[in-house]
Amino acid sequence: MGKLFSSVYDVVMAPLEKAGIERIRRNLLRDIKGDVLEIGFGTGANFPFYQKAAYVEAIEPNPDMIERSAEKVKRAKVPVQTYTAKAEQLPFPDQSFDAITGTLVFCTIPDPVKALKEMKRVSKPGATFHFFEHVKLEHDKAGRMQDILTPAWKAVCDGCHLNRPTIQLFEEAGLQVNNVKRFGKGIFVIFEGKVHGE
Ligand SMILES: C[S@@+](CC[C@H](N)C(=O)[O-])C[C@H]1O[C@@H](n2cnc3c(N)ncnc32)[C@H](O)[C@@H]1O
C-alpha cells in the first residue's frame with residue numbers, strides 16, 4: 001500500500017495544492033528560523049517554502065516517499081537533510097531543534113502520544129511548533145460520521161485517521177497551542193505554539 005500511495009500522492013494532491021494548500025504551506029513555513037525538524041515530510045512538498053531556516057532535518061518512514069523527494073531537496077533554498085525514521089523514535093539527541101513542523105501528518109502517525117513525547121525530547125527550551133492538519137470535528141454527528149468512515153479511509157489512505165483529535169492530543173501532552181485557525185467547516189486547522197509551554 002505504501003508504494004501505491006506514494007506513486008499517486010503528488011498527482012492526487014496537485015489540484016488541492018493549487019486550490020489553497022500550497023498557499024498554506026508557504027505562509028506556515030516561510031518565517032521559521034533556526035534548526036528545524038519536519039515530521040513525515042512525504043514527497044517533500046514543504047521543502048520549497050522554507051526561506052529563513054538555518055537547516056531542516058526531515059524524517060519520513062516510507063522509502064518510496066523519500067525517493068520522490070530528492071529533486072525538492074536539491075532545489076530547496078535552505079539545507080535539507082532527510083532521514084528514514086518514525087516520529088515515535090526520532091534519531092536525534094535531546095534539545096536539538098528550535099522549531100518542529102508538520103503538514104497532514106498527525107492523522108497518520110500510529111502512536112501520536114509517543115510522537116509528541118519525542119517532539120518534546122528533541123526540542124530546545126523555547127522551541128516552537130507549526131502544523132497544518134485535518135482533525136476530528138467538534139460537532140457530535142459529524143464527528144461520529146468520521147469515526148464510522150475511518151476504518152475504510154485508513155485502508156485506502158495509508159493509515160490516515162479522519163477522526164484524530166490532534167489539537168487535544170497536543171494540549172494533553174503539555175504543548176502550548178497559541179494560534180489556531182480553522183477552516184473547511186472546521187476539518188482543517190493551522191495551529192502553532194510552544195513545545196514546552198510556559
Ligand atoms: C498524508 S502524508 C503527508 C505528507 C507531507 N507531510 C505533505 O504535507 O504532503 C502523511 C505522511 O506521514 C508519514 N508517516 C506515516 N507514519 C509515520 C510516522 N510514524 N512518523 C512520521 N511520519 C509518518 C507517511 O509515510 C506520509 O508520508
Side-chain angles (χ1 to χ4, degrees), residues 1-30 32 36-50 53 56-73 75-76 80-92 97 99-123 129-136 146 149-150 153-164 166 169-170 173 184 187-192:
M1 171 52 88
K3 207 172 179 78
L4 175 64
F5 186 75
S6 58
S7 67
V8 298
Y9 188 74
D10 283 342
V11 177
V12 171
M13 288 297 286
L16 303 174
E17 297 287 344
K18 291 292 160 230
I21 291 184
E22 200 174 279
R23 183 165 38 83
I24 291 168
R25 296 183 192 280
R26 177 176 298 110
N27 291 340
L28 184 70
L29 304 169
R30 65 180 169 200
I32 300 175
V36 178
L37 167 64
E38 181 173 332
I39 305 272
F41 64 82
T43 58
N46 289 329
F47 295 162
F49 301 114
Y50 293 100
V56 177
E57 310 241 39
I59 65 111
E60 164 60 47
N62 182 340
D64 298 312
M65 288 288 211
I66 296 176
E67 210 177 304
R68 285 166 198 279
S69 73
E71 264 312 302
K72 294 193 197 84
V73 172
R75 280 192 264 118
V80 175
Q81 176 72 52
T82 63
Y83 300 82
T84 310
K86 295 181 177 176
E88 296 94 329
Q89 197 173 1
L90 294 171
F92 306 108
F97 297 101
I100 302 190
T101 64
T103 55
L104 305 173
V105 67
F106 256 84
C107 50
T108 307
I109 295 174
D111 189 341
V113 172
K114 203 166 175 192
L116 286 161
K117 210 169 162 188
E118 274 293 84
M119 279 171 51
K120 289 174 81 173
R121 183 184 66 75
V122 301
S123 291
F129 63 81
H130 311 263
F131 280 79
F132 162 54
E133 297 287 349
H134 64 79
V135 294
K136 181 164 183 172
Q146 287 174 303
L149 292 174
T150 286
W153 184 263
K154 252 177 87 178
V156 177
C157 294
D158 208 33
C160 170
H161 297 69
L162 285 173
N163 59 348
R164 196 132 290 155
T166 300
L169 292 174
F170 270 57
I187 286 196
F188 292 101
V189 61
I190 298 166
F191 60 105
E192 298 175 289

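All ligand and atom numbering here is 1-based and tracks the order in the structure.
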Give every pair formed by an N or O atom of ligand 1 and a protein N or O atom closer than 3.5 Å, one pair per line with both atom names and the distance to 0.1 Å, or write none.
from     : atom 1 : to     : atom 2 : distance (Å)
ligand 1 : 6 (N)  : Gly40  : O      : 2.8
ligand 1 : 6 (N)  : Thr103 : O      : 2.8
ligand 1 : 6 (N)  : Thr103 : OG1    : 3.4
ligand 1 : 8 (O)  : Arg25  : NH1    : 2.8
ligand 1 : 8 (O)  : Arg25  : NH2    : 3.3
ligand 1 : 8 (O)  : Thr103 : O      : 3.1
ligand 1 : 8 (O)  : Thr103 : OG1    : 2.6
ligand 1 : 9 (O)  : Tyr9   : OH     : 2.7
ligand 1 : 9 (O)  : Arg25  : NH2    : 3.2
ligand 1 : 19 (N) : Glu88  : OE1    : 2.8
ligand 1 : 20 (N) : Ala87  : N      : 2.9
ligand 1 : 25 (O) : Glu60  : OE2    : 2.6
ligand 1 : 27 (O) : Glu60  : OE1    : 2.7
ligand 1 : 27 (O) : Glu60  : OE2    : 3.2

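The local environment of CD in Glu17 is crowded, with over 12 non-hydrogen atoms from other residues, nucleotides or ligands closer than 6.0 Å.
Residues Phe131 and Val189 form no side-chain contact, since every pair of their non-hydrogen atoms from C-beta on lies 4.5 Å or further apart. Within the 4.5 Å cutoff, no side-chain heavy atoms of Phe92 are placed close to those of Glu118. For the pair Glu38 and Tyr50, the minimum side-chain heavy-atom distance is below 4.5 Å.
For Glu192, the side chain to side chain contact (heavy atoms under 4.5 Å, CB included) partners at least two apart in sequence or on another chain are Leu28, His130, Asn179.
Atoms CG and CD, on Asn46 and Glu22 in that order, are 10.5 Å from each other to the nearest 0.5 Å.
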